[in-house]
Amino acid sequence: MTTPYDHKALEAKWQDRWEKQRAAEVDLRHAERKLYMLMMFPYPSGDRLHVGHGRNYILGDALYRYLRMQGRKALNPMGWDAFGLPAENAAIQRGVHPKLWTAGNIKVMKEQFRRWGILYDWSKESASYTPEYYRWNQWLFLRMLEGGIAYKKAAPVNWCPSCRTVLANEQVVDGACERCGTAVVQKNLSQWFFRITDFADRLLSGLDGLPGWPEKVKVMQRNWIGRSEGAEIDFPVEGASETITVFTTRPDTVHGATFLVLAPEHPLAAQLIADHPERADLEAWIETIRNTPRIEREGEGTAKDGRSTGRFAVNPATGERIPIWLANYVLPDYGTGSIMAVPAHDERDLEFARQEGLPVRLVYHPEGVEPSGEIPAADLAEPILHEGTIKNAPPFDGVPAGPETIRRFVAWLEENGHGRAKVSYRLRDWLISRQRYWGTPIPIVYCPEHGAVPVPDDQLPVVLPDEVEFTGREGNPLGRVAAFVETKCPRCGAPARRETDTMDTFVDSSWYYLRYLSPRDATRIFDPALAAKWAPVDQYIGGIEHAILHLLYSRFVCRVLHDFGLVPFEEPFTNLFNQGMITRFSDKSGRIEKMSKSRGNTVSPDELIEEMGADTERVYTLFIGPPDKEAEWSDEAVSGAYRFLNRVWRIGERLDEAPPIGPADEELERARHAAIQRVSQCLERLAFNTAVAALMELTNALTRALEEKTASRLRLEEAFDTLLQLLHPMAPHLTEELWERRGHVESLLESTWPDYDEAKIRRDRVTLVVQVDGKLRDRIEVAADADEREVRAAALASEKAQEHMAGRELAKAVVVPGRLINLVTRR
RNA sequence: GCGAAAGUGGCGGAAUUGGUAUACGCGCUAGACUUAGGAUCUAGUCCCGAGAGAUCGGGUUGGGGGUUCGAGUCCCCCCUUUCGCACCA
């Protein structure tokens, strides 16, 4: 009977030891070569981490330990994204103060990390809910205010009725709150923004300088920024002094603009319909559109809904009168909130023209089609998008569609004073105000005399008051704390009120990687010298869900810090790795889904660790599949990892069974060097799954050698030591224990990653595949250094090859050294 | 609709640059040791056909075509799945 190894005692022992030794602590000032790796810091929610979360941290730790053994003692800090709604909701529901609740959760999560055997440099720990941290959020806000990057404006904003706060555009997914899924409504409010749109071009072009980022993330960011080149064109309104300016990417189709469409919310709309006989009806209709949730208005298949204003504008290209319409398909917050409709050359405009019986006028004509002036929209089956030549639009007749034509039109518009080149973006400014308690107070005081007055630096931090009632009632609880709200104007000393909005927690997370470098510096946001030395982060690891949100905001804030002269770089994260999700069958939905508490398909690491140990979870998690792909958790397959580790353990107990001299020493030596090579190459590209497979093969080779007594004790011990080293990143506890038992004084973590010798892997004689006309027919053994002539002779001597050549003449022989020879016959 | 990634045994998956498809693991089958085994060890396990047998022949990486001595890998067309974007003018 064999008993499994005592993982409980052994794992506790090593976790204690690493903690006591402060095994991952880095001296930032004196380290010679910098390497900064980082996992996205977690939100300390009340839920215990499950094995799906574990993948992220285990992956990072395995990488850390590997780098460490490579002689690269990386900075690998951890902290807490500790502000946010769940803490406040817990306070409302359970009467626990968010601060206590959060602190308790941090303690639990820290213990979970420990139990996974994960090494962080805890001396750098920082948490965003401490005044020591968030005062620098406030400081940064004030600098951005001075720099004109932070500003306040009244605007229609996204409001989540369930979270009772406004949201940034990035936090609205398919018209719903990113956090709770509730449909977002529009509200007109005066709010604080960061002028991220000023950085749109830099954020866009910077992506080209990030070869270490997944293409997918870069594409998502490019789409989100949504740069469009085009022109603004002015259309004078008939009978009024106003002009309507539209944005278009196709100024070359301006002759085909047969009507204008304004978003119903457009500032001119009310004026245009002022004299309309059905003005009241129209106003009611505008209200309806205005109050339609975004999801309905912009959703798939939403019908176009429009009304004529009864007014006309002049097409500056043709001089013709064209009607002005209002319609829901024109969005108020993109471009100028108004378009020139060219139904001949735009699908949406054509659809609307058909629906409303509006005319079409071709600018580009396919071959053989002659100009026919305005025609009914019903006569055109589909729009002509990027083909044909211009006819009947002097001076452009005969010009084909293309970018050069667009440039010519822009120049022509500019010369004639009808318009100008213009670049538009989808990106909106970042709305950072939140009407919630548990966040960084925005350091502003409202004075009746001086308006919004910034809190002076020497009065920072503006501390979040502890004495707050969490009732769940409408409105920010901060607004009901008189001691907080009532203050004096920093400028004149008159009674004034504090801003009660707090900052979006994505502000906290946009620069935290810099705070780790000097977490207790009370004099500045971070140490610029250390930032210049250690940042940017070399390897960032986290989930794809932050492809836009956190990663875009961080890139923006990094540029702000750069422009302030605080950091010498513009990109915060040089290499980015998105680990795949762990999925599992969910009884609730009957489907395989992302592992999550709400889906009820989580696996608790606590029980798994209790039963089979943290090393088993680690090895299985790394073995489950390519780390960047999603992977399905299998409760059964976990035991494979457990069996593997027990096999390793048993080899350790049986080393003394090996004979002093072994007949197959070279074989084991070859297996050892091959394993070093394979595992090293795998880990260089984070392919832990195949690295584990290679280690299983080495383990199998060791077991076989031991069973068959074919390797000497010396070789066996050597190979076993190598196995422990290569396996350490994946199974640190077990390997440290066995390493110690082998009599090594220095810890395995401090040992040097083994080198391999290619000469030791090479064999004297190799097996070559013999193909005849591309089909495998035989295998032959030849000297490893055999030249092409020798290989060909050996292959032609093969009886099987001869049979399959069936007397046909040899046309040529293709030799791939060390692999195969293909005998090609003449047909 | 646009963009991206993917499709390989019963399952998870492997296969740097085109060069022995199915490594490694799970599951399953048989056997060994056992009072017992969800423990451990050994052997087998892509499909079809022939053979008592070691073996031998043929086929196979979603489907179809192409390039090549040679294609899971490259090119073209199609199907399916997942993800992202989606009235952005």
Side-chain angles (χ1 to χ4, degrees), chain A residues 1-4 173-174 214-220 222-224 226-228 230 246-250 253 257 261 297-304 327-331 333-342 345-349 351-352 424-427 544 547-548 581 619-620 623-626 628-641 643-644 646-647 650 678 681-682 684-685 687 689-697 699-700 703 707 767-779 800 804 811-825:
Chain A
M1 177 160 161
T2 50
T3 48
V173 178
D174 290 337
E215 203 52 41
K216 183 187 168 112
V217 174
K218 289 190 276 187
V219 167
M220 283 169 75
R222 280 191 197 104
N223 290 342
W224 187 260
R227 183 180 198 272
S228 291
V246 304
F247 173 72
T248 177
T249 53
R250 295 294 305 276
T253 63
V261 190
R297 172 142 173 203
E298 296 175 27
E300 189 177 3
T302 301
K304 292 185 170 49
N328 65 342
Y329 80 96
V330 176
L331 306 175
D333 54 359
Y334 181 76
T336 61
S338 47
I339 61 158
M340 64 174 200
V342 186
H345 305 299
D346 183 279
E347 204 167 326
R348 298 148 301 181
D349 296 342
E351 187 193 330
F352 189 67
S424 271
Y425 299 90
R426 282 186 39 187
L427 184 69
I544 186 75
I548 293 174
M581 295 180 312
V619 168
Y620 176 65
F623 184 59
I624 194 167
D628 57 333
K629 301 262 162 48
E630 75 171 33
E632 192 190 333
W633 186 270
S634 157
D635 297 310
E636 284 174 328
V638 179
S639 58
R643 281 201 277 265
F644 164 57
N646 273 298
R647 276 201 294 275
R650 280 197 300 274
R678 275 180 67 190
Q681 286 171 354
C682 288
E684 281 306 314
R685 38 187 192 109
N689 54 327
T690 47
V692 173
L695 290 170
M696 287 172 169
E697 287 185 62
T699 304
N700 293 343
T703 305
E707 285 290 325
T767 304
L768 289 193
V769 160
V770 180
Q771 293 181 338
V772 176
D773 294 324
K775 281 196 194 301
L776 192 155
R777 295 305 180 189
D778 200 5
R779 282 163 223 273
K800 286 177 189 164
H804 284 97
K812 68 168 165 175
V814 181
V815 177
V816 182
R819 290 193 180 270
L820 59 74
I821 172 165
N822 188 9
L823 302 170
V824 185
T825 63

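Here is the naming used below: chain letters follow the sequence lines, and residue numbers restart at 1 for every chain. For clarity, every value in this text was computed on a predicted model and none was experimentally measured.
The same atom, P, is picked in B:C47 and in B:U60; the two are 16 Å apart, to the nearest Å. Comparing B:U61 with B:A71, their P atoms are spaced 11 Å from each other, to the whole Å. Remark: the separation of the P atoms in B:A6 and B:U16 is 14 Å, to the nearest Å. When the C1' atom is used for both B:A14 and B:U73, the distance is 14 Å, rounded to whole Å. Remark: the separation of the C1' atoms in B:C74 and B:U67 is 8 Å, to the nearest Å. Between B:A5 and B:C87, the distance separating the two C1' atoms is 27 Å to the nearest Å. Nucleotides B:A43 and B:G57 are separated by 26 Å at their C1' atoms, to the nearest Å. For the P atoms, the distance linking B:U17 with B:C11 amounts to 27 Å, nearest Å.
If you check B:G19, B:A23, B:A89 against the side chain of A:Glu697, the one that comes closest is B:A23. The side chain of A:Asn822 has B:C69 as its nearest neighbour among B:G84, B:C69, B:G27. Minimum atom distance to the side chain of A:Arg647 is reached by B:G25, of the listed B:U20, B:G13, B:G25. Closest to the side chain of A:Ser639, from the set B:C24, B:C26, B:A89, is B:C26. Here the nucleotide nearest the side chain of A:Val824, chosen from B:C56, B:G25, B:C69, is B:C69. Of the candidate nucleotides B:A39, B:C69, B:A15, B:A39 has the atom nearest to the side chain of A:Arg643. Closest contact between the side chain of A:Arg685 and the listed nucleotides B:A89, B:U16, B:A86 involves B:U16. Closest to the A:Val814 side chain, of the nucleotides B:C69, B:A89, B:C56, is B:C69. Candidate nucleotides B:A14, B:U20, B:C26 were compared by shortest atom distance to the side chain of A:Glu636, and B:C26 ranks first.
Nucleotide B:U68 holds its C1' atom 13 Å from the CD atom of A:Gln771, rounded to whole Å. Distance, A:Asn700 CG to B:C41 P: 10 Å, rounded to whole Å. Look at CG on A:Asn689: it is 12 Å from P on B:U16, rounded to the nearest Å. Spacing between atom CG of A:Asp349 and atom P of B:A89 amounts to 12 Å, rounded to whole angstrom units. The NZ-C1' distance, from A:Lys812 to B:G19, rounds to 14 Å in whole Å. Look at CD1 on A:Ile544: it is 18 Å from P on B:U82, rounded to the nearest Å. Atoms CD (A:Glu215) and P (B:C83) sit 21 Å apart, rounded to a whole Å. The nearest whole Å value for the distance from the CG atom in A:Leu776 to the P atom in B:U22 is 10 Å.
The NZ atom of A:Lys304 sits 8.5 Å away from the CG atom of A:Asp349 when rounded to the nearest 0.5 Å. A:Glu707 contributes atom CD, which lies 11.5 Å from atom CG of A:Asn700 (distance to the nearest 0.5 angstrom). Here the CZ atom belonging to A:Arg227 is positioned 13.0 Å from the CG atom belonging to A:Leu427, to the nearest 0.5 angstrom. Atom OG1 of A:Thr767 sits about 12.5 Å away from atom CG of A:Leu820, to the nearest 0.5 Å.
A:Lys775 comes within 4.0 angstrom of the backbone, heavy atoms only, and of no base. Residue A:Leu331 is in base contact, counting any heavy-atom pair closer than 4.0 Å across all strands shown. Contacts of A:Arg426 with the nucleic acid, taken as non-hydrogen atoms under 4.0 Å apart, include base atoms. Residue A:His804 is in sugar-phosphate contact alone, with no base atom involved, counting any heavy-atom pair closer than 4.0 Å across all strands shown. Heavy atoms of A:Lys218 sit nowhere under 4.0 angstrom from any nucleic acid atom. Across all strands shown, A:Ala687 has no heavy atoms under 4.0 Å from either base or sugar-phosphate atoms. Note on A:Val769: a base of the nucleic acid sits closer than 4.0 angstrom, heavy atoms only. When heavy atoms are screened at a 4.0 angstrom cut-off, A:Glu351 is found touching no nucleic acid atom at all. Within the nucleic acid shown, A:Val692 has no heavy atom closer than 4.0 Å to any nucleic acid atom. In this structure, A:Ala693 reaches the bases: a heavy-atom distance under 4.0 Å links it to at least one base atom across the strands shown.
Ranked by how close their nearest RNA chain B nucleotide is to the 5' end, A:Gly640 and A:Arg777 are led by A:Gly640.
Look at B:G64: its glycosidic torsion is beyond 90° from 0, and that puts it in the anti range.
Judged by Watson-Crick or G-U wobble contacts below 3.5 Å, the nucleotide B:G72 has no partner. Base pairing of B:A15 is not made with any nucleotide, judged by Watson-Crick or G-U wobble geometry with both donor-acceptor distances under 3.5 Å. If you check B:U29 for Watson-Crick or wobble pairing at under 3.5 angstrom, you find it paired to B:A43. B:A4 and B:U82 make up a base pair, with Watson-Crick or G-U wobble contacts both under 3.5 Å. Remark: B:A21 base-pairs with no nucleotide in the shown strands. Criterion, Watson-Crick or G-U wobble with two distances under 3.5 Å. Base pairing analysis places B:G57 opposite B:C48; the two distances defining the Watson-Crick or G-U wobble pair are each below 3.5 Å. Across all strands shown, B:G9 remains unpaired; no Watson-Crick or G-U wobble contact has both distances below 3.5 Å.
Counting heavy-atom neighbours within 6.0 Å of A:Arg222 CZ, excluding the residue itself, gives a total above 12.
Relative orientation of the A:Tyr329 and A:Phe352 rings is tilted, given thresholds of 30° and 60° on the angle between their planes.
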### Task
List the steps, then state whether side-chain contact (heavy atoms from CB on, under 4.5 Å) holds for A:Arg650 with A:Arg647.
CA-CA 5 Å; A:Arg650 280 197 300 274; A:Arg647 276 201 294 275; 3.5 Å; yes
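Between A:Tyr620 and B:G25 there is no side-chain N or O to OP1 or OP2 distance below 4.0 Å. Close to B:A89, at under 4.0 Å from its OP1 or OP2, lies a side-chain N or O of A:Ser228. For A:Arg678 and B:U16, the shortest distance from a side-chain N or O to OP1 or OP2 is not below 4.0 Å.
Side-chain atoms of A:Asn223 and base atoms of B:C85 include no donor and acceptor less than 3.5 Å apart.
In this structure a side-chain-to-backbone donor-acceptor pair under 3.5 Å is present from A:Tyr620 to A:Ser634. Between the side chain of A:Asp773 and the backbone N or O of A:Thr825, at least one donor-acceptor pair lies under 3.5 Å. Distance alone, capped at 3.5 Å, is enough to place a donor-acceptor pair between the A:Asn328 side chain and the A:Ala303 backbone.
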